[in-house]
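Here is the naming used below: chain letters follow the sequence lines, and residue numbers restart at 1 for every chain.
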Amino acid sequence: MSVPLVEIGRTLVISLPGELPDADVALLETSVLERLKGRRFTGVLIDLTAVDVVDSYLGRTIRDLAALSALMGARTVVTGISPAVAITLVELGLDLPRVRTELNLERGLAWLSRTDRT
Amino acid sequence: MAQPNGPDLTPGGHVVQLRITAADDVIIVSARGAARELARELGFGVVDQTRIATAVSEIVRNIVQYAGAGTVTIEVRDEPGRKGLVVVAEDEGPGIADVERALAGGYTTGQGFGRGIAGARALMDEFELWSEVGRGTRVRMCKWLT
């Protein structure tokens, strides 16, 4: 199962599927970087609406994606974190301190368009 | 998808045992799915189901990463006075040289996860780890339905 990357305006939307094997998580960083270098994206949105487990591996990957995207000139917003995932992330010590989060995809896109002043 | 090697039914409840091999790239997804399903059947709420599924994900990944093979057993305990899930993960891998540091977090000899064991411990009610260098590792962790 590969992760679909969808372009909405100048935002790259990554909708993570519910059950994501590690091999696909590992491919995410390179496939996102490939897309970011090809076009001038100003935002990356990682939507976790379908995701019911974020363990340390996926948590770290999300954090790294945000850092890589920043280096490529794009802001990252993470959306759709369920209450149960929020609780486990905090208990794991993996809350995402420097990553912007919004409740859902719509609000994530709105935040990116508000902050896009380039 | 990985096939459980015989999901046995015991009189006291359900036991699911999964054989872990590094070649099976969906074993982590299968194991946490099985754990969540048993937790849900037993009556755990969504937050505890998620804690259990996440802890199982961490310890199964540890086996995939470091030992390459092992087993994980998820057992429903329905005893007078308490109900819960007991998860046992065993491997005959290289073992953990510094168990205290692994339990405290931030210790890794692999690809830099480090938080897995400490994270699983934080999410469960009981957590025990035995490890011997050159012999293997055994984790036993429980979540009780209060």
Side-chain angles (χ1 to χ4, degrees), chain A residues 1-4 14-31 46-68 78-99 101 103-104, chain B residues 1-2 20-37 39-40 44-66 102-108 110-125 127 143:
Chain A
M1 182 200 313
S2 62
V3 177
I14 307 164
S15 289
L16 293 184
E19 294 296 357
L20 196 58
D22 282 13
D24 293 321
V25 176
L27 290 174
L28 257 181
E29 287 179 12
T30 46
S31 53
I46 304 171
D47 186 49
L48 303 183
T49 302
V51 173
D52 55 14
V53 169
V54 178
D55 59 18
S56 61
Y57 182 52
L58 184 54
R60 182 168 297 219
T61 301
I62 291 167
R63 200 185 58 193
D64 290 352
L65 275 174
L68 288 170
V78 176
T79 60
I81 295 179
S82 72
V85 166
I87 289 170
T88 51
L89 275 176
V90 169
E91 290 177 356
L92 279 171
L94 279 168
D95 50 325
L96 302 164
R98 283 183 298 279
V99 179
T101 54
L103 197 58
N104 55 39
Chain B
M1 294 297 279
I20 300 164
T21 63
D24 179 357
D25 66 353
V26 296
I27 184 61
I28 297 171
V29 169
S30 310
R32 71 188 183 212
R36 180 187 287 275
E37 187 58 24
R40 195 187 57 78
F44 281 108
V46 173
V47 173
D48 275 337
Q49 291 171 30
T50 305
R51 288 189 175 108
I52 292 164
T54 308
V56 167
S57 198
E58 300 291 357
I59 59 163
V60 172
R61 177 174 299 105
N62 236 56
I63 293 178
V64 170
Q65 283 286 125
Y66 295 103
L103 286 171
Y107 171 56
T108 180
Q111 289 172 14
F113 306 128
R115 288 289 312 166
I117 287 172
R121 184 193 197 188
L123 294 169
M124 301 295 279
D125 294 332
F127 189 94
K143 192 87 185 165

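Residues Val26(B) and Pro21(A) share a closest heavy-atom pair of CG1-CG, 3.8 Å.
Among Val46(B), Leu123(B), Ile28(B), the residue making the largest number of heavy-atom pairs under 4.5 Å with chain A is Leu123(B). When Ser57(B), Ala55(B), Ala122(B) are compared by the number of non-hydrogen pairs under 4.5 Å with chain A, Ser57(B) comes out ahead.
One distance of note links CZ of Arg32(B) with CG of Asp52(A); it measures 7.5 Å at 0.5 Å rounding. Note: Thr88(A) OG1 to Ile52(B) CD1 = 12.0 Å, rounded to the nearest 0.5 Å.
Note on residues 45-57 of chain B: pairs passing salt bridge (Lys or Arg N to Asp or Glu O under 4.0 Å), not counting sequence neighbours, are Glu91(A)-Arg51(B), Asp48(B)-Arg51(B), Asp48(B)-Lys143(B).
Residues Thr50(B) and Ile87(A) form no side-chain contact, since every pair of their non-hydrogen atoms from C-beta on lies 4.5 Å or further apart.
The side-chain contact (heavy atoms from CB on, under 4.5 Å) test applied to Asp47(A) returns Ser15(A), Leu45(A), Thr49(A), Thr79(A), Leu105(A), not counting sequence neighbours.
Contacts between Arg36(B) and chain A at a heavy-atom distance below 4.5 Å involve the side chain alone, from C-beta outward.
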